[in-house]
Participant: 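Okay, here's the structure, questions in a sec.
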Amino acid sequence: MFDRRGFLGVGVTTAIAAVGLALGRTKSASARPPLRPPGALPEAEFASRCARCFKCANACPNDCIRFHGLEAGLVDAFTPYVKPRDRGCVLCGECAEACPTGALQTFAPDRDGWLADVRMGRARLNKSMCFSYNDRTCGACYQACPLAGEAIRIGVFEKPILDSSKCVGCGLCEQACLHLPQAIRVVPVDRDTVTGSTA
């Protein structure tokens, strides 16, 4: 149930979205899909259920949740996303606990819970930029990964070896990457087709 401030917030958001529609703002078809906070429902259902109440960000102890503006289009306007290069998600689950509509589903904040219920994205490595694949050693992504040894294993000279079936997309590896631009990036998954703990 919404409190008075939550109800007013949704009303203001709806009014602003209506102004955006009147101004003819549309979402670009080529826009990169957003990396949603952990526990997010499949994209279409998430967008329709999200109340744009901002409670997920208020609950986040890592301050990693941002919000789209009207430039993202009316479907995504004021919905939450994570930008890993700025700050990855620590998978604590506080955002999902705070979500009043179930757009973010709760999960156990441990290895089993992450693997079963978190589908933010998948890490992708560009070996041509990775220090460890180019005569230097690094290992920052491995050290940052909460599923180190599973989602990221380490090879000779600290070369990262990714296992996409174990990666939950928290983005801590992308945040930690020492290369500029980063050699490892998290790509959002299609949550409309990926369910359960399989990749």
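Keep in mind that the numbers below use all heavy atoms, side chains included, and drop hydrogens, waters and symmetry copies.
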Participant: Could you check C141 against C177 for side-chain contact (heavy atoms from CB on, under 4.5 Å), going step by step and ending with a plain yes or no?
Facilitator: CA-CA 6 Å; C141 58; C177 182; 5.8 Å; no
Participant: Got a second to check how far Q182's CD is from Q175's CD, nearest 0.5 Å?
Facilitator: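 Q182 atom CD to Q175 atom CD measures 11.0 Å (nearest 0.5 Å).
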Participant: Membership question, hydrophobic clusters at under 4.5 Å side-chain separation (ILVMFWY): are L115 and L35 in the same one?
Facilitator: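 Same hydrophobic cluster.
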Participant: Tell me if a side-chain donor or acceptor on S164 pairs with a main-chain N or O of R122 at a distance below 3.5 Å.
Facilitator: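 Not a single qualifying donor-acceptor pair exists.
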Participant: Indicate, with yes or no, if L104 and L41 share a hydrophobic cluster defined by side-chain heavy-atom contacts under 4.5 Å among Ile, Leu, Val, Met, Phe, Trp and Tyr.
Facilitator: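 L41 and L104: one cluster.
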Participant: What verdict does the side-chain contact (heavy atoms from CB on, under 4.5 Å) test give for C56 and C99, after you've listed the backbone C-alpha separation in whole Å, the side-chain angles of each residue and the deciding distance to 0.1 Å?
Facilitator: CA-CA 6 Å; C56 54; C99 180; 5.7 Å; no
Participant: Hydrophobic clustering (ILVMFWY, side-chain heavy atoms < 4.5 Å, transitive) - are M120 and W114 grouped together?
Facilitator: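 Shared cluster, yes.
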Participant: Can you tell me if CZ on R85 sees more than 12 non-hydrogen neighbours from other groups inside 6.0 Å?
Facilitator: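 Above 12, so yes.
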Participant: What is the distance from atom CG of N58 to atom CG of D63, rounded to the nearest 0.5 Å?
Facilitator: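 Spacing of CG (N58) from CG (D63) equals 10.0 Å.
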Participant: For D163, which residues count as a side-chain hydrogen bond (donor to acceptor under 3.5 Å, both in side chains) partner, sequence neighbours excluded?
Facilitator: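 Result, side-chain hydrogen bond (donor to acceptor under 3.5 Å, both in side chains) vs D163: S165.
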Participant: What are the two closest non-hydrogen atoms of A144 and A176, and how far apart are they?
Facilitator: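 Shortest heavy-atom separation between A144 and A176 comes out as CB-CB, 3.6 Å.
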Participant: Going by the ring-ring contact (aromatic ring centres under 6.0 Å, His included) test, which pairs reach into residues 151-183, not counting sequence neighbours?
Facilitator: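 Counting only pairs at least two positions apart or across chains, the ring-ring contact (aromatic ring centres under 6.0 Å, His included) contacts touching residues 151-183 are F131-H179.
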Participant: Under the side-chain contact (heavy atoms from CB on, under 4.5 Å) rule, what do E94 and L91 come out as? Steps first, then yes or no, please.
Facilitator: CA-CA 8 Å; E94 294 297 321; L91 302 172; over 6 Å; no
Participant: Around R87, counting heavy atoms of other residues, nucleotides and ligands shown, do more than 12 lie under 6.0 Å from its CZ?
Facilitator: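 Atom CZ in R87 is crowded, with more than 12 foreign heavy atoms closer than 6.0 Å.
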Participant: Counting N and O atoms only, with roles assigned by atom type, does the side chain of Q105 sit under 3.5 Å from a partner on the main chain of G102, one being a donor and the other an acceptor?
Facilitator: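 Flag set: sc Q105 to bb G102 pair under 3.5 Å.
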Participant: Is any side-chain heavy atom of K166 closer than 4.5 Å to a side-chain heavy atom of R153?
Facilitator: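 They are not in side-chain contact.
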Participant: Can you see which heavy atom on I65 is nearest to which on C95, and at what distance?
Facilitator: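 Heavy atoms only, the tightest pair is CD1-CB, 3.7 Å.
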Participant: Do V186 and C173 have side chains that get closer than 4.5 Å, going by heavy atoms?
Facilitator: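 When only atoms from C-beta onward are counted, C173 and V186 do touch, with a gap below 4.5 Å.
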Participant: Between CG of N62 and SG of C89, what distance do you get to the nearest 0.5 Å?
Facilitator: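 Here the rounded value is 7.5 Å.
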Participant: Looking at side-chain heavy atoms only, is the closest gap between P80 and C50 below 4.5 Å?
Facilitator: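 Touching, per the 4.5 Å side-chain cut-off.
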Participant: Is there a side-chain contact between S132 and K159 (heavy atoms, below 4.5 Å)?
Facilitator: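 Yes; the side chains approach each other to less than 4.5 Å.
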Participant: Would you say V168 ends up clustered with F107 if hydrophobic residues are merged whenever their side chains have heavy atoms under 4.5 Å apart, either directly or through other cluster members?
Facilitator: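 Yes, same cluster.
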Participant: Do side-chain atoms of D117 reach the backbone of A108 as a donor and acceptor pair under 3.5 angstrom?
Facilitator: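 Flag not set: sc D117 to bb A108 has no pair under 3.5 Å.
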Participant: So which heavy atom on N134 is nearest to which on C130, and how close?
Facilitator: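 That closest heavy-atom pairing would be ND2-O, 2.7 Å.
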Participant: What closest approach, in Å, do P146 and L172 show between heavy atoms, and which atom pair accounts for it?
Facilitator: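 The pair with the smallest heavy-atom distance is CD-CD1, 4.0 Å.
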Participant: So which atom in F78 and which in F67 form the shortest heavy-atom distance, rounded to 0.1 Å?
Facilitator: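 Here F78 and F67 meet closest at O-CD2, 3.4 Å.
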Participant: Between the side chain of R36 and the main-chain N/O of E43, is any donor-acceptor distance below 3.5 Å?
Facilitator: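 The answer is no, because no donor-acceptor pair under 3.5 Å joins these two groups.
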Participant: Report yes if some heavy atom in the side chain of T79 is under 4.5 Å from a heavy atom in the side chain of R52; otherwise report no.
Facilitator: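 Yes, their side chains come closer than 4.5 Å.
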Participant: Which atom pair, heavy atoms only, marks the closest approach of L178 to C138?
Facilitator: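 Heavy-atom minimum between the residues: CD1-SG, 3.8 Å.
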Participant: Which residues end up grouped with I184 if you chain together Ile, Leu, Val, Met, Phe, Trp and Tyr wherever their side-chain heavy atoms are less than 4.5 Å apart?
Facilitator: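 Noted: I184 shares its cluster with L125, Y133, Y142, I152, I154, I161, L162.
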Participant: Go through N126 and R185 one step at a time and tell me if the side-chain contact (heavy atoms from CB on, under 4.5 Å) criterion holds.
Facilitator: CA-CA 8 Å; N126 186 331; R185 292 177 183 265; over 6 Å; no
Participant: Side-chain contact test, heavy atoms from C-beta onward, threshold under 4.5 Å: evaluate it for P34 versus P188 and give yes or no.
Facilitator: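 Result no, sub-4.5 Å side-chain heavy-atom pair not found.
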